[in-house]
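This report concerns only the one structure given below.
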Amino acid sequence: MKTYFHVDMDAFFVSVEEIFDPSLKGKPVVVGGAPDQRGVVSAASYAARKFGVHSAMPLRTARRLCPQAIFLEGHPSRYRDYSRRVFDILTSFAPAVEMASIDEAYLDLTGTTRLHGHPLAAAHRLHDLVRRGTGLNCSIGISRSRMVAKVASDQAKPNGILWIAPGLEARFLAPLDVRKLPGVGKVTEQRLFAAGIRTVRQLAAADEAYLAQSFGKWGMALAGKARGEDAGGWYDAEVGEGGGPKSISHEHTFSQDTADSERLEAMLARLSEMVARRLRDHALFARTVQLKLRYADFSTYTRAVTLDHATQLDTEIRDAIRNLFRRNWRRGAAVRLLGVHASSFSDSAGQASLLDGDGALRWSKALTAVDRIRDKFGADSISLASGLSARFRERVHENPAGLPGKDPQDGRSS
DNA sequence: TCTGGGGTCCTAGGACCC
DNA sequence: TCTGGGGTCCTAGGACCC
């Protein structure tokens, strides 16, 4: 018999902000940026939620619903720091821990009854450990099924613990709206509604052949789960089985749409550098590089290319992206968003690089030096020339460090 | 209401191979 | 000369999650 915990931090970003500024406590707080910016709500305090504000909502909408809210840009490094603290506490408590995102984790407590006692007692002690170690509240769902544990933690919010006794999974889920099932979003919910299915109970009773045909893999798996059966799928993987990242990407939405090709290409170069840097940090090489292009009307296109060798070099990613951009951008059309995405990872370049071995080695060394400088002096302290917007170039050309050398492919100094 | 940024997984069609 | 079946790789798009 399996025992899983799903630990979910309550209003995580907002709660971390409250630690650094206790005067925020109890007030409507919105993390995501200034309310006149392009952007959406990353997190809202419970006081803000009372006004209808929720995550993923445009900031402008949040302001309309709750003009008195305090809007914060947020501090991603603080959130990562606190996420790590939570993770350390969880790993001190359970043999297998998997962070599913920055603010939630699955724990496998199977076979720990002698050590921890009844799951509910264990959950209360874990809750106290997290509270004392970080100052943050969490909610915990407990079940023999990972998916049910996740739904349970959601039902337990805020600051609660909910144990679903083995055998009672289907009874617990039955009265819930189908939207409560992870994997059922807006679209699937609407399609289920159209078929007369609103609750998990109705989903459990629905014709399996129909679900398989209309909703594919997910539909069938969910129908099984709705009946409390153990169907296949992601939720049956062992806790902690998840490997490294499968893709790395960066994207940017301009504060105002632009058709300035120099600005656009400068942004693509910068995004390429950010992606390459993270590849090097993870010691990964990517073979597939993808451009994302969103126009002013929100129409969005992706264009990918698979290279004949895997790379982690700024120049190779940037050049591939630039080619994709030049071939696909409707010249003159205003762009809202640009993105650079890398995937198909391996742990080495594989087949011979386009650069000769010596050139690739020199570049690798130069880039590592750049990475170190950025660590010390900040991300903007040094950049490939084409990664800078024109107005910053002057300054960098005076860069006394003078690193690194020459780009062997196009001779541009960096 | 005017829509971020970082991810994962699934589907579907075409190329290509045996 | 009217057209199989399976497998893999690649690309594009989309649903969904936090």
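Just so you know, these numbers use all the heavy atoms, side chains as well, and skip hydrogens, waters and symmetry mates. Naming convention: chains lettered A, B, ... in sequence-line order (proteins, then strands); numbering from 1 in each chain.
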For this session: Look at A/Arg336 and B/dT3 and indicate whether a side-chain polar atom (N or O) is within less than 4.0 Å of OP1 or OP2.
Result: yes
Exercise. Does A/Phe285 have its ring centroid less than 6.0 Å away from the ring centroid of A/His309?
Worked result: no
Exercise. Contact class for A/Lys150 (heavy atom, under 4.0 Å): base, sugar-phosphate, or nothing?
Worked result: sugar-phosphate
For this session: Determine the contact category for A/Gln290: base if any of its heavy atoms lies under 4.0 Å from a base atom, sugar-phosphate if only primed atoms, P, OP1 or OP2 are that close, otherwise nothing.
Result: nothing
Exercise. Do A/Glu17 and A/Tyr79 get their side chains close enough for a donor-acceptor pair, meaning under 3.5 Å?
Worked result: yes
Exercise. Taking the side chain of A/Lys217 as heavy atoms from C-beta outward, which of B/dG5, B/dT1, B/dT11 is closest to it?
Worked result: B/dT11
Exercise. B/dG7 P sits how many Å from A/Leu271 CG, rounded?
Worked result: 12 Å
Exercise. With a distance cut-off below 6.0 Å to the six-membered ring centre and an angular limit of 45° from the axis, does A/Arg84 pair with A/Phe87 as a cation-pi contact?
Worked result: no
Problem set entry | Closest to side chain of A/Thr61, choosing from B/dT1, C/dC18, B/dG4 | B/dT1
Problem set entry | Value in whole Å for how far the P atom of B/dG4 lies from CD of A/Gln37 | 12 Å
Seminar exercise, completed: Testing C/dC10, B/dC9, C/dC16 for proximity to the side chain of A/Lys186, the answer is C/dC16
For this session: Would you tell me if any nitrogen or oxygen in the side chain of A/Arg294 comes within less than 4.0 Å of OP1 or OP2 on B/dG4?
Result: yes
For this session: With the side chain counted from C-beta on, respond yes when A/Val178 and A/Phe193 share a heavy-atom pair under 4.5 Å apart, and no when they do not.
Result: yes
Exercise. If you look at every strand shown and take non-hydrogen atoms under 4.0 Å, does A/Thr188 touch a base, only sugar-phosphate, or nothing?
Worked result: sugar-phosphate
Problem set entry | Closest-nucleotide ordering on DNA chain B, the 5'-leading residue of A/Ile248 and A/Ser55 | A/Ser55
Problem set entry | Among B/dC10, C/dC9, C/dA12, the one nearest A/Thr302 by side-chain distance | C/dA12
Exercise. A/Phe298 ring centre to A/Arg294 NZ or CZ under 6.0 Å, with the angle to the axis within 45°?
Worked result: yes
Seminar exercise, completed: Considering only heavy side-chain atoms of A/Glu104, the closest of C/dC18, C/dC10, B/dG5 is C/dC18
Exercise. NA contact type, A/Leu337, heavy-atom cut-off 4.0 Å: base, sugar-phosphate, or nothing?
Worked result: sugar-phosphate
Seminar exercise, completed: From CD of A/Gln213 across to P of B/dA12 the rounded distance in Å is 11 Å
Seminar exercise, completed: Whole-Å distance, A/Phe215 CZ to B/dC10 P, equals 17 Å
Problem set entry | Whole-angstrom distance between C/dC18 and B/dT3, as gauged at atom P | 23 Å
Exercise. Just by distance, with hydrogens left out, do A/Thr110 and A/Asp108 show a side-chain donor and acceptor under 3.5 Å apart?
Worked result: yes
Seminar exercise, completed: Scanning all shown strands, the Watson-Crick or wobble mate of B/dC18 with both distances under 3.5 Å is C/dG5
Exercise. Quick one: is C/dC10 close enough that its OP1 or OP2 comes under 4.0 Å of any side-chain N or O from A/Arg287?
Worked result: yes
Exercise. Between atom OH in A/Tyr79 and atom P in B/dG6, what is the gap in whole Å?
Worked result: 16 Å
Problem set entry | Proximal nucleotide (of B/dG4, B/dG7, C/dA12) relative to the A/Ala304 side chain | C/dA12
Exercise. In whole angstroms, how far is the C1' atom of C/dC18 from the OH atom of A/Tyr106?
Worked result: 11 Å
Exercise. Is the charged tip of A/Arg322 near the ring of A/Phe325: under 6.0 Å from the six-membered ring centre and within 45° of its axis?
Worked result: no
For this session: Choose from C/dA15, B/dT8, B/dG6 the nucleotide whose nearest atom is closest to any side-chain atom of A/Val187.
Result: C/dA15
Exercise. Within the structure shown, what part of the strands sits under 4.0 Å from A/Val41 by heavy-atom distance: base, sugar-phosphate, or nothing?
Worked result: nothing
Seminar exercise, completed: Separation of C/dC17 atom P from A/Met147 atom CE, nearest Å, is 12 Å
Problem set entry | B/dT3 phosphate, OP1 or OP2, under 4.0 Å from A/Arg38 side-chain N/O | yes
Problem set entry | Selected nucleotide, minimal atom distance to A/Val40 side chain, candidates B/dG4, C/dC9, B/dG6 | B/dG4
For this session: Using the P atom on both, measure B/dG14 against C/dG4 and round to a whole Å.
Result: 15 Å
Exercise. Could you give the NZ-to-P distance, from A/Lys292 to C/dT11, as a whole number of Å?
Worked result: 18 Å
Exercise. Within the stacking criterion (centroid distance below 5.5 Å, interplanar angle below 30°), does A/Phe298 stack on B/dC2?
Worked result: no
Problem set entry | A/Thr300 vs C/dG13: side-chain N/O to OP1/OP2 distance below 4.0 Å | no
For this session: Look at the side-chain N and O atoms of A/Arg303 and state whether any lies under 4.0 Å from the OP1 or OP2 oxygen of C/dT11.
Result: no
Seminar exercise, completed: Winner on side-chain proximity to A/Thr306, out of B/dT1, B/dT8, C/dC10, is C/dC10
For this session: State which residue, out of A/Arg278, A/Arg277, A/Arg270, A/Arg280, fulfils the salt bridge (charged side-chain N to carboxylate O under 4.0 Å, His left out) condition with A/Asp314.
Result: A/Arg280
Problem set entry | Nucleotide nearest A/Arg179 (side chain, heavy atoms from C-beta), chosen from C/dC10, B/dT3, C/dC17 | C/dC17
Exercise. For DNA chain B, whose closest nucleotide is more 5', that of A/Trp218 or that of A/Ala296?
Worked result: A/Ala296
Exercise. Reckon A/His250 has a side-chain N or O less than 4.0 Å from the OP1 or OP2 of B/dG6?
Worked result: yes
Exercise. For B/dG7, does either OP1 or OP2 sit under 4.0 Å from a side-chain N or O belonging to A/Ser249?
Worked result: yes
